Amino acid sequence: MTKPKPRVIYWFRTDLRLHDSPALKAALDLEPECLYPIWTWDPHYVYRARVGPNRWQFLLDCQSDLSASITKLNKKSKLFVIRESPTTLFPKLFKAWNISHLVFEKDTDAYARDRDNEVTEIAKKAGVQVITKVGRTLYDPDELVKQNHGKPTMSISQVIKAGEQIGQIPRPIPAPASLPDPGDTSLNFKQDHPSSEPDINAPQRNSSDQSYAHLAGPQGDFSVPTYDELGLKPSTTPHHGGETAALAALDKIISNTKYTATFEKPSTAPTAFEPQSTTLLSPHLHFGSLSCREFYWRAQDVVDNFKQGTASHPPTSLTGQLLFRDMYFGAQAALGHKFGQAYGNPSCRSVPWHLPSKVNEDTGLVVRDGGGGGGVEYSIDSSTAETWFQRWKYGCTGFPWIDALMRQLRQEGWIHHLGRHAVACFLTRGGCYVDWERGAAVFEEWLIDHEPACNIGNWQWLSCTAFYAQFYRCYSPISFPQKWDKDGAFVRKYVPELANFPAKYIYEPWKAPIADQKAAGCLIKSIDEEGEDGELDLSPWKKEIVAEKHEANGAQNGDEKKEKESMNIYPKPMFDFPSRRTTCINALKNAYRVGLYGNDQKVLDGTWRDLFPDEAEGPTSTADVEAMHDADAHGEFVHDAEGHEGLHEKDHSPVGRKRKEHGQGTLDGHVKRTKT
DNA sequence: ATGCTCGTTGAGACT
DNA sequence: GAGTCTCAACGAGCA
């Protein structure tokens, strides 16, 4: 008796490619009678993960390109996009299509693991065999953890050591030359509609969300959704997704053997644009439109054939970048949901930042609903910190380097790695003393290459709560960009108000004499001088980004012309950087001395904050306070003195009010030591 | 133990 | 302009 041939669903997720897909190969090795390449529209991504229009665009690009590539291999086939949650869809789909096997690439993201376990149970019940293969990382993150003695991989040397135990990174697998037919695709069942509540992506839409209006899309042909169907605001990124584009970009990079072999991340310019100084392949790695192993071996082969002894090495080399990615995946694989937050995380230091996340006491996880599009909910312990956070987010801090980066991020969905360092340091340990989880949430929303593990890991790194501890190494928003871009071309592009400023003042425009400001067509003013009754008015910066990039050179409407004729306004810096740096470094020093991690009992029960006096983050010496008053932007810096209100009670006082500072003392006298 | 080096990407003064 | 040292000082790993 011959066994019936397998009827296989290949479930695409973050592996939107045909080349080097071990899971797809496993599906094809079954020699199936039929193969259904599908995408299920997961409500977690639609409603619960923060996804801005630019990343949506990139995803749809990847899906469209993949679907076309599948059709090239088999005219009857395509990427069948089904609008339903995988957990409700699969039981019905297995039956309707008489499926014997479900194949997908292994995913170790905390959420994805839960979902995949659930789907695997569903398949088991339906008598469907599940096959998974690793292909998203160089090594299987679980294997990496196992070889790292069961511990999260917290340094690159641990990854290298564990990797040596595992063995060589697999060589890439060629794309298939043909694909089997799909079977009958009729859907003889009713669609289950997922709950859209809470919908943290509501702010990303400008028309009604039709994501789940039709099981197989408005035409009933399983096509990739359009922007209309998803109700999304238009994207503004110039970067596009898709395997075809990814492989072409990789070819171009690899063909430059010197660039490939001698790449050193720390010496690539974060101020470079058109072209950028790094590869911009990260969004492709996230969506799987490029295999990381393809990237690794193409780069490694160039290195191996390069002039002896002149190639760069991990961790700064191109392959080193991929090892860092694996490191973060390994940390996440070991820690699960706790990796994404400080609370309860044994590998993450507890620091009494401003704007801390709220925690659900039952689950021990941060509260991830925040109706109104906030994502993770947080306490506003300090109105000044909240103002600083909003000004950081919308690129109106008054520090041109920071503002240029944040505007590039919001508009294009990508900024250079060192630019991410600069803005992350500024928000957390090197300026605002705001919780890294606030910054991570903004990156989650805006980055087209948002990789949960890498984003979380890098924010922990930059805030010196994990992976990195040299908190006294602090990025200056003035000296750091000057290293690469003396003239400020980058600032001029992304902060056009300052386009005509003299290079001498481009990173510190508040120092320019009024005559120079007038000559450059831009006045430097306190934001709150601008608004009515002293209220902060960030609206000029918060307003929607229209896709003006492509139209700007064409017809301008009357309003825009008028605006051009009048004087531009750019804000004064929202605080004195040198004094804030001193304050933050001392606060970090203190937090390190207290030495608590997220899983400490005192952290879990909330009593840990008593170990930090009100002055925990405030100025630490009289000299600092004086320095602030001497600083240029008079009045503004008095805000520094607040932040002493303690972190528990909410502060409902109006944003931007000036306050008198309390008496100051050095930190040391207030600190109870927990380490001996 | 205690001291040393090293760690993907600091700033600033100096040679 | 590139390299080197100091500033103040972190943890991990090693001898």
Side-chain angles (χ1 to χ4, degrees), chain A residues 148-149 151-162 262-272 276-279 282 299 303 311-328 331 346-351 399 401-402 405 415-426 428-431 454 457-487 507-508 577-597 620-621 666-668 673 675-676:
Chain A
N148 194 43
H149 320 291
K151 294 206 159 68
T153 41
M154 301 303 289
S155 73
I156 208 68
S157 55
Q158 288 174 357
V159 172
I160 291 169
K161 229 179 262 176
T262 62
F263 182 94
E264 289 201 295
K265 186 63 149 285
S267 53
T268 59
T271 51
Q276 288 86 354
S277 59
T278 50
T279 67
S282 50
V303 166
S312 55
H313 302 282
T316 53
S317 65
L318 274 182
T319 54
Q321 307 311 300
L322 295 171
L323 290 170
F324 273 109
R325 188 171 171 269
D326 264 47
M327 176 182 81
Y328 291 132
S347 298
C348 182
R349 287 176 183 278
S350 276
V351 173
F399 294 96
W401 165 237
I402 300 298
L405 286 163
I415 54 178
H416 186 279
H417 188 64
L418 292 180
R420 301 180 196 201
H421 280 213
V423 298
C425 180
F426 184 88
T428 58
R429 68 180 167 84
C454 299
N458 277 317
W459 274 96
Q460 291 177 358
W461 182 300
L462 264 299
S463 62
C464 287
T465 50
F467 301 101
Y468 187 74
Q470 288 163 265
F471 52 75
Y472 43 88
R473 291 199 173 162
C474 190
Y475 292 88
S476 157
I478 292 114
S479 332
F480 187 68
Q482 267 168 349
K483 200 155 60 174
W484 288 277
D485 187 4
K486 282 258 187 307
D487 187 56
Y507 295 111
E508 312 172 87
F577 178 73
S579 67
R580 284 301 304 173
R581 171 168 53 192
T582 306
T583 298
C584 286
I585 288 175
N586 285 329
L588 259 288
K589 204 190 295 182
N590 184 28
Y592 266 65
R593 243 180 335 220
V594 175
L596 295 172
Y597 284 80
T620 53
S621 73
T666 56
L667 291 170
D668 301 18
R673 284 170 165 257
K675 272 186 178 175
T676 44

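Numbered from 1 within each chain, the chains take letters A, B, ... in sequence-line order. What you are looking at is a predicted structure, and each value in this text was computed from that prediction instead of being measured.
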Notebook entry, point to check: To the nearest Å, how far apart are A:Arg429 CZ and C:dC10 P?
Noted result: 14 Å

Check: What interatomic distance, in whole Å, is found between C1' of C:dG13 and the corresponding atom of B:dT9?
Finding: 22 Å

Check: Rounded to the nearest Å, what distance is computed from the CD atom of residue A:Gln158 to the P atom of nucleotide C:dA12?
Finding: 10 Å

Margin query: The criterion is salt bridge (charged side-chain N to carboxylate O under 4.0 Å, His left out); which residues satisfy it with A:Arg473, sequence neighbours excluded?
Written below: none

Notebook entry, point to check: Given C:dA9, is OP1 or OP2 found less than 4.0 Å from the side-chain N or O atoms of A:Lys589?
Noted result: yes

Notebook entry, point to check: Distance between the P atoms of B:dG7 and C:dA9, in whole angstroms?
Noted result: 22 Å

Next item on the list: Pick the P atom in C:dA8 and in C:dT4, then give their distance to the nearest Å.
Entry: 22 Å

Notebook entry, point to check: Who pairs with A:Ser347 by side-chain hydrogen bond (donor to acceptor under 3.5 Å, both in side chains), at least two apart in sequence or on another chain?
Noted result: none

Notebook entry, point to check: With distance as the sole test, does A:Arg349 use its side chain to make a donor-acceptor pair with the main-chain N or O of A:Gly595 at under 3.5 Å?
Noted result: no

Item checked: Rounded interatomic separation in angstrom, taking CG from A:Asp485 and P from C:dG1 -> 14 Å

Item checked: Between C1' of C:dA9 and OH of A:Tyr592, the distance in whole Å -> 11 Å

Item checked: Partner set under side-chain hydrogen bond (donor to acceptor under 3.5 Å, both in side chains) for A:Ser312, not counting sequence neighbours -> none

Check: Expressed in angstrom and rounded to an integer, what is the separation of A:Asn586 atom CG from C:dA9 atom C1'?
Finding: 12 Å

Checklist line | A:Asn586 side chain vs A:Thr582 backbone, donor-acceptor pair below 3.5 Å | finding: yes

Notebook entry, point to check: Nearest 0.5 Å, what's the OG1-CD1 distance between A:Thr153 and A:Ile160?
Noted result: 11.5 Å

Next item on the list: Take the protein atom CZ of A:Arg593 and the nucleotide atom C1' of C:dA8, then report the distance between them rounded to whole Å.
Entry: 13 Å

Next item on the list: Could you tell me which residues satisfy side-chain hydrogen bond (donor to acceptor under 3.5 Å, both in side chains) with A:Thr279, sequence neighbours excluded, listed by chain and number?
Entry: none

Checklist line | Nearest-Å distance for atom pair CD1/C1', residues A:Ile160 and B:dG7 | finding: 12 Å

Notebook entry, point to check: With a 4.5 Å limit on heavy-atom distance, are the side chains of A:Leu462 and A:Tyr475 in contact?
Noted result: yes

Checklist line | Separation between the C1' atoms of C:dG11 and B:dA11, rounded to whole Å | finding: 22 Å

Margin query: When the P atoms of B:dT8 and C:dA2 are compared, how many Å lie between them, rounded to an integer?
Written below: 24 Å

Next item on the list: At under 4.0 Å between heavy atoms, which parts of nucleotides 8-15 of chain B does protein reach? Answer with one letter per nucleotide, 5' to 3': B base, S sugar-phosphate only, - none.
Entry: BBBSS---

Notebook entry, point to check: Quick one: stems for DNA chain C, with Watson-Crick or G-U pairs under 3.5 Å, at least three in a row?
Noted result: B:2-7 with C:10-15, B:10-15 with C:2-7

Notebook entry, point to check: So how far is it from A:Thr465 OG1 to A:Arg429 CZ, rounded to the nearest 0.5 Å?
Noted result: 10.0 Å

